[in-house]
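Side chains included, hydrogens not; waters and symmetry mates left out as well; all remaining heavy atoms used.
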Amino acid sequence: MNEPNHITPFSRLGLVLTGGGARAAYQVGVLRAIAEMLPPHTHCPFPIICGTSAGAINAAGLAMSAIHYATGVQQLEAVWSNLHVDQVHRADFLGVTRNTFRCIGSLLSSELAKTPFALLDNYPLRELLGCRLPFRGIQRSIRMGALRALGVTVWGYTSGQSVTFYQGDKSIQPWSRVMRVGVAARIGIQHLLASSAIPLIFPAVRLNREYFGDGSMRQLAPLSPALHLGADRILVIGVNKRRDTPVERVKVTSYPPVAQIAGHMMSSIFVDSLEVDLERLQRINETLSLIPPEARKEGSISLRPIKSMVISPSESINEIAREHAQSLPRTMRYLYRAVGGLAPSGSRLLSYVLFEASYCRALIDLGYRDTLQQQKEILDFITPS
């Protein structure tokens, strides 16, 4: 396929891919539907791409193939639709048992405590990313003009800061805000492993002088990196069904199982801050609309209205996870059953860790259908007149 010498993006549209473990397969379905809406062989409509946790892996895959958007989406779909849990972490009996004893030993021995503590060994994920993601493609996309910047957010265990490592146009300047900074870097496997290192489940990753974990932790402003990288509009692909009605309060008769508690912890990490930040953005837009442009200019107000659009699941992903629970390897089924993960109350946890092809394909199909139902609104947002 012949490539143009230079591509000029028609806008600074930002794409934000949130974290969510296995739920990130939903994002691939959304991206596939958008690819079908656009002319064939077009470059990526999102010159600014930001991702966190599993969303960072999808973001990097898009950035590497920004020159040929549909091809990049097809490559992501090929990975997710054929994924098995043993490609993400050790799922065999020997691997799980060995890692469990290592964790117990690190609690009892000061010498073993120096080794990374994690319930699961994610070395297979490192192997998968190394085989599937050609990281040199990121700089190539930037050089060709199809990509302005890729941002990957991590969280520092020592500093407590939310750090966005970005690779992009030389005109982009690093930023520093309260508990969040932007740092120029050459994005590689380590950044993706760090961003997706769910606390206690996967080991933290050392970058430069600090150990980092999942970027969704304490990410108080998940839209901020895209704005700092120059986005003038933001499309967000979430992985949680938005609540239209208040949560019904019911009487409980027993103590919540470990899986139920862990599932709510996951949701607080991956979801809550996004909803708050979107609400904040809407209020700022409403406030700015009351101030005439001339007055904003005279008062040196640097804020600017930012349009946003959110695509999120129309169905409960927890229920979909329950339907595919039996696709897990036997060892993992025993493990999750022991902590209540296979019970109805544990389906939330299961929805984040069910890295199996049948479940991922169901989420891809859901994302695809949800997006096609909003085709006109999405096209109007992506390609404004």
Looking at side-chain heavy atoms only, is the closest gap between Arg126 and Asn122 below 4.5 Å?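 No, every pair of side-chain atoms sits at 4.5 Å or beyond.
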Any idea which heavy atoms bring Ser141 and Ser65 closest together, and the distance?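 Closest approach of Ser141 to Ser65: OG-N, 4.3 Å.
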Atom CZ of Arg361 and atom CG of Leu83: how far apart are they, to the nearest 0.5 Å?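 Here the rounded value is 10.5 Å.
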State the OG1-CD distance between Thr71 and Gln74, to the nearest 0.5 angstrom.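 The CD atom of Gln74 is 5.5 Å from OG1 of Thr71, to the nearest 0.5 Å.
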Step by step, work out the side chain to side chain donor-acceptor pair (under 3.5 Å) result for Glu356 and His324. CA-CA 8 Å; Glu356 283 295 324; His324 295 272; over 6 Å; no
Pair His191 + Phe165: ring centers closer than 6.0 Å: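 When the ring centroids of His191 and Phe165 are compared, they turn out to be within the sub-6.0 Å range.
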Any side-chain to backbone donor/acceptor pair from Trp80 onto Ile364? Under 3.5 Å, distance only.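 Looks like no, no N/O pair under 3.5 Å.
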Quick one: does Asn285's side chain have a donor or acceptor within less than 3.5 Å of a partner on Ile306's backbone?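 Yes; at least one donor-acceptor contact below 3.5 Å.
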Consider only side-chain heavy atoms of I, L, V, M, F, W and Y, link residues closer than 4.5 Å, and tell whether [X] and [Y] are in one cluster.
X      : Y      : result
Ile57  : Leu31  : yes
Ile172 : Ile138 : no
Leu278 : Leu229 : no
Ile198 : Tyr123 : no

Quick one: which of [options] gives a side-chain contact (heavy atoms from CB on, under 4.5 Å) with [X]?
X      : options                      : result
Leu15  : Ile48, Ile34, Ile234, Ile237 : Ile237
Leu133 : Ile187, Leu192, Ile189       : Leu192
Val163 : Thr153, Val181, Leu207       : Val181

Listed once per pair and sorted, the side-chain hydrogen bond (donor to acceptor under 3.5 Å, both in side chains) pairs that draw on residues 195-210, sequence neighbours left out: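 As it turns out, the side-chain hydrogen bond (donor to acceptor under 3.5 Å, both in side chains) pairs with a partner in residues 195-210, which skip direct neighbours, are Ser159-Glu210.
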Only pairs at least two apart or in different chains count here, so list each side-chain hydrogen bond (donor to acceptor under 3.5 Å, both in side chains) that has a residue in residues 24-39.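 Checked against side-chain hydrogen bond (donor to acceptor under 3.5 Å, both in side chains) - neighbours excluded - the pairs reaching residues 24-39 are Tyr26-Asp370, Gln27-Asn58, Arg32-Glu77, Glu36-Tyr368.
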Short N-O contact, Arg322 and Glu319, less than 4.0 angstrom: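 A salt bridge links Arg322 with Glu319.
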Taking the basic N atoms (NZ, or NE/NH1/NH2) and the acidic carboxylate oxygens, is any pair closer than 4.0 Å for Lys376 and Asp380?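 Yes, Lys376 and Asp380 are salt-bridged.
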Any donor-acceptor pair under 3.5 Å linking the side-chain atoms of Asn318 with those of Arg23?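 Present: a donor and an acceptor within the cut-off.
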Please check if any side-chain donor atom of Arg233 sits under 3.5 Å from a side-chain acceptor atom of Ser308, or the reverse.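 Their side chains do not contain a donor-acceptor pair, so the 3.5 Å distance test is not met.
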Using side chain to side chain donor-acceptor pair (under 3.5 Å), reason through Arg180 and Ser224 one step at a time and then give a plain yes or no. CA-CA 9 Å; Arg180 49 192 172 92; Ser224 175; 2.7 Å; yes
Neighbour count above 12 (heavy atom, 6.0 Å) for Arg280 CZ: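 More than 12 within 6.0 Å, yes.
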Pair listing, salt bridge (Lys or Arg N to Asp or Glu O under 4.0 Å) test, anchored in residues 44-55, at least two apart: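 Checked against salt bridge (Lys or Arg N to Asp or Glu O under 4.0 Å) - neighbours excluded - no pair reaches residues 44-55.
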Aromatic plane relationship, Trp175 with His228 - under 30° parallel, 30 to 60° tilted, over 60° perpendicular: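 Aromatic pair His228/Trp175 classed parallel.
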